[in-house]
Amino acid sequence: MANKQQIQQCITNCTNSANMLRTAANAVPKAGAREMMTFGATHIEMCIRQCEHASMQTQ
């Protein structure tokens with residue numbers, strides 16, 4: 001089972017990925033593609049919240 005430090009590192013990595021995806025989306029000229037990339041970043045952030053919640057439940 002992952003320890004708290006591993007979970008936090010995963011959350012940090014996912015946060016960085018969501019931020020990078022949002023930054024990349026800002027450079028996309030097509031609105032539809034930009035919207036889908038932003039939706040992907042939002043989905044990652046929802047997963048992060050679930051991981052944070054699960055991490056708190058294991059304490």
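Note that the coordinates shown come from a computational prediction; the quantities given were computed from them, not determined experimentally.
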Side chain to side chain contact (heavy atoms under 4.5 Å, CB included), that's the test. Do Q50 and H53 meet it? Break it down for me.
CA-CA 5 Å; Q50 290 176 324; H53 182 71; 5.6 Å; no

Checking C14 now: which residues fulfil side-chain contact (heavy atoms from CB on, under 4.5 Å) with it, not counting sequence neighbours?
C10, I44, I48

Does CD belonging to E52 count more than 12 external heavy atoms closer than 6.0 Å?
yes

Which atom of A18 lies closest to which atom of A41, heavy atoms considered:
O-CB, 3.7 Å

Side chains of residues 21-31: which donor-acceptor pairs under 3.5 Å do they make with residues two or more places apart or in other chains?
residue : atom : partner : partner atom : Å
R22     : NE   : E45     : OE2          : 3.2
R22     : NH2  : T42     : OG1          : 3.1
R22     : NH2  : E45     : OE1          : 2.8
T23     : OG1  : N19     : O            : 3.0
N26     : ND2  : R22     : O            : 3.4

Validation row: M46, R49 side chains within 4.5 angstrom (heavy atoms):
no

Results of side chain to side chain donor-acceptor pair (under 3.5 Å) for Q9 - residues two or more places apart only
N13

